[in-house]
Amino acid sequence: MNQNSSALSAARWSISTVFLLNGAGIGLWAAHVPVVQARLGIDLATLSMVLLTIAAGALLAMPLMGGFTARWGTRRMTLLSGFAFAALLPVIMGVSELRLLFLAAFAFGISNGALDVAMNANASEVEAARGIPTLSSIHGFYSLGGLIGAALGGLVIGQGWGDGKGAMAMGIATAIALALVAPRVMAFAPTIDAGSHFQLPRGAALSLGLLALLCFAVEGALVDWSALLMQERTKAVPAQAALGFSAFSIAMAACRFAGDCMILRFGAMRVMVLGGLAMFAGLATAVLSTHFLLSAAGFALIGIGAANVVPLLFGAASRIPGMSAGAGVAAVATLGYGGLLLAPPVLGYIASHASIMVALGMLSLSGLVIAMSAGIIKVKSTPTT
């Protein structure tokens, strides 16, 4: 394709905006989870089933979206799933019946899983068309959106709009923003003949997917277990214990915005090796430290290391020979999301029989595996490496 540089620049910022809006929506939902739980009067077990329902919807949509993007194009599917995501934001946060909450959670999961695959496939095509690393900074907008969404969620709840009014306003704003950037989201020729149907991950897709699983497993573990680890190891009070995941999130967002330049300077393979080693060192520091600031520094190091691993894996997945960009991303994203879903309960089981320190200590080995497996992206890495 012979897109000029201005069109490609517009395409880059447009798909970055989609990532930002998706991250903001997820952050907004995270802030509303306790409010929804209190409004419906559900216990933690039921809430866990609601969250599992969201994950089930996403896991159902991801492999199917690979074929849809190949048949109808990544632009069309990004916008369709994006508007569905915006419409469902106020629904899941405003329902007042448990049955409706489960239905909304499943639909919300489907829209988020579909959007995840479609927007990553489109971003990968933009990166390929530009010929320079782009995915890391685009993913940075998702991380930034998560921080913004969580902050806005706290604001609207504090103003008494946690009954869904704030979410309705955010949903409308998200839809308007999508409509504004839609004309500049770049359309690429469908690749229906390039392995567009659903395929079980194998070969390079399986290898990349397993590495994504390990990276997502670390992220999922930190969401659920970082505060508990800091409380047990450092005797931190809850407010201090929350610093661990905050440090991880902020470091990841910042490092993703620097990721494209790092990949250009050092190469994708070296960035992935260093990322895996940083994940290992960060988890080891967090597990072994007995001071909450040092432990928080360990979590920040994990964020620095993990920041660019997933963008590199998704970029490589979009260029697997014999598979469309959407199908490759779908295969890797599905396995990765499986790690995000399965890691917390598996680690909880290990922790119940040993300790959370042992469970997260074992997980630190994921960083070493990622570092040692970095060669897999050498052939299918960003165009400049």
Side-chain angles (χ1 to χ4, degrees), residues 15 19 22 55 58-70 74 77-78 81 109 112-128 133-136 138-139 142 191 194-220 256 259 263 268-269 271-272 275-276 279 306-343 366-367 369-383 385:
I15 195 63
F19 272 74
N22 182 226
L59 287 172
L60 173 66
M62 283 179 170
L64 297 176
M65 185 53 63
F68 293 156
T69 54
T74 60
M77 299 316 300
T78 294
S81 54
N112 187 53
L115 179 57
D116 193 291
V117 170
M119 69 183 187
N120 270 290
N122 186 268
S124 298
E125 290 173 330
V126 170
E127 179 181 72
T134 308
L135 268 176
S136 288
I138 292 177
H139 275 252
Y142 176 87
T191 53
S196 59
H197 59 286
F198 171 67
Q199 303 177 47
L200 290 174
R202 63 180 186 275
L206 178 60
S207 299
L208 291 167
L210 290 175
L211 292 179
L213 183 150
L214 293 177
C215 194
F216 277 109
V218 171
E219 183 173 349
R256 278 183 167 170
I263 293 167
M269 185 174 169
V271 168
M272 190 162 170
M279 291 170 66
N308 298 304
V309 172
V310 168
L312 285 172
L313 293 174
F314 278 9
S318 72
R319 292 182 286 276
I320 297 175
M323 296 184 75
S324 68
V329 170
V332 172
T334 302
L335 283 172
Y337 203 83
L340 192 69
L341 173 65
L342 295 174
S366 298
V369 174
I370 289 171
M372 291 187 295
S373 305
I376 191 173
I377 64 169
K378 186 175 182 180
V379 177
K380 307 172 187 67
S381 59
T382 52
T385 56

Taking all atoms of both residues into account, what is the closest heavy-atom pair of M272 and L211, and its distance? CE-CD1, 3.7 Å
Distance, nearest 0.5 Å, that separates CE of M65 from CG of L115: 8.5 Å
Distance in Å, M62 CE paired with N112 CG, rounded so as to fall on 0.5 Å steps: 7.0 Å
Write down the atom of G326, the atom of A121, and the distance for their closest heavy-atom approach. CA-CB, 3.8 Å
Starting from the C-alpha separation in whole Å, work towards a yes-or-no answer on side-chain contact (heavy atoms from CB on, under 4.5 Å) for L312 and L135. CA-CA 7 Å; L312 285 172; L135 268 176; over 6 Å; no
Taking all atoms of both residues into account, what is the closest heavy-atom pair of T74 and A118, and its distance? CB-O, 4.0 Å
Value rounded to 0.5 Å, distance of CD in E125 from OG1 in T69: 8.0 Å
Are any side-chain N or O atoms of N120 and backbone N or O atoms of D116, one a donor and one an acceptor, separated by less than 3.5 Å? yes
Can you confirm whether V310 sits close enough to R256 that some side-chain heavy atom of one is under 4.5 Å from a side-chain heavy atom of the other? yes
Residues L335 and L210: closest non-hydrogen pair is CD1-N, 4.1 Å
Compare all side-chain heavy atoms of V117 with those of L64 and state whether any distance is below 4.5 angstrom. no
Under a 4.5 Å cut-off applied to non-hydrogen side-chain atoms, are C215 and M279 in contact? yes
Nearest atoms (heavy-atom pairs only) where G336 meets F216: O-CB, 3.0 Å
Closest non-hydrogen atoms of A114 and A61, given as atom of the first, atom of the second and distance, are N-CB, 3.9 Å
Are the side chain of S318 and the backbone N or O of V329 linked by a donor-acceptor pair below 3.5 Å? no
Expected output: side-chain S373 to main-chain I370 donor-acceptor under 3.5 Å: no
Would you mind listing every side chain to side chain donor-acceptor pair (under 3.5 Å) that reaches into residues 307-317, with sequence neighbours excluded? S136-N308
Which word best sums up how the rings of Y142 and F19 line up, parallel for under 30°, tilted for 30 to 60°, or perpendicular for over 60°? perpendicular
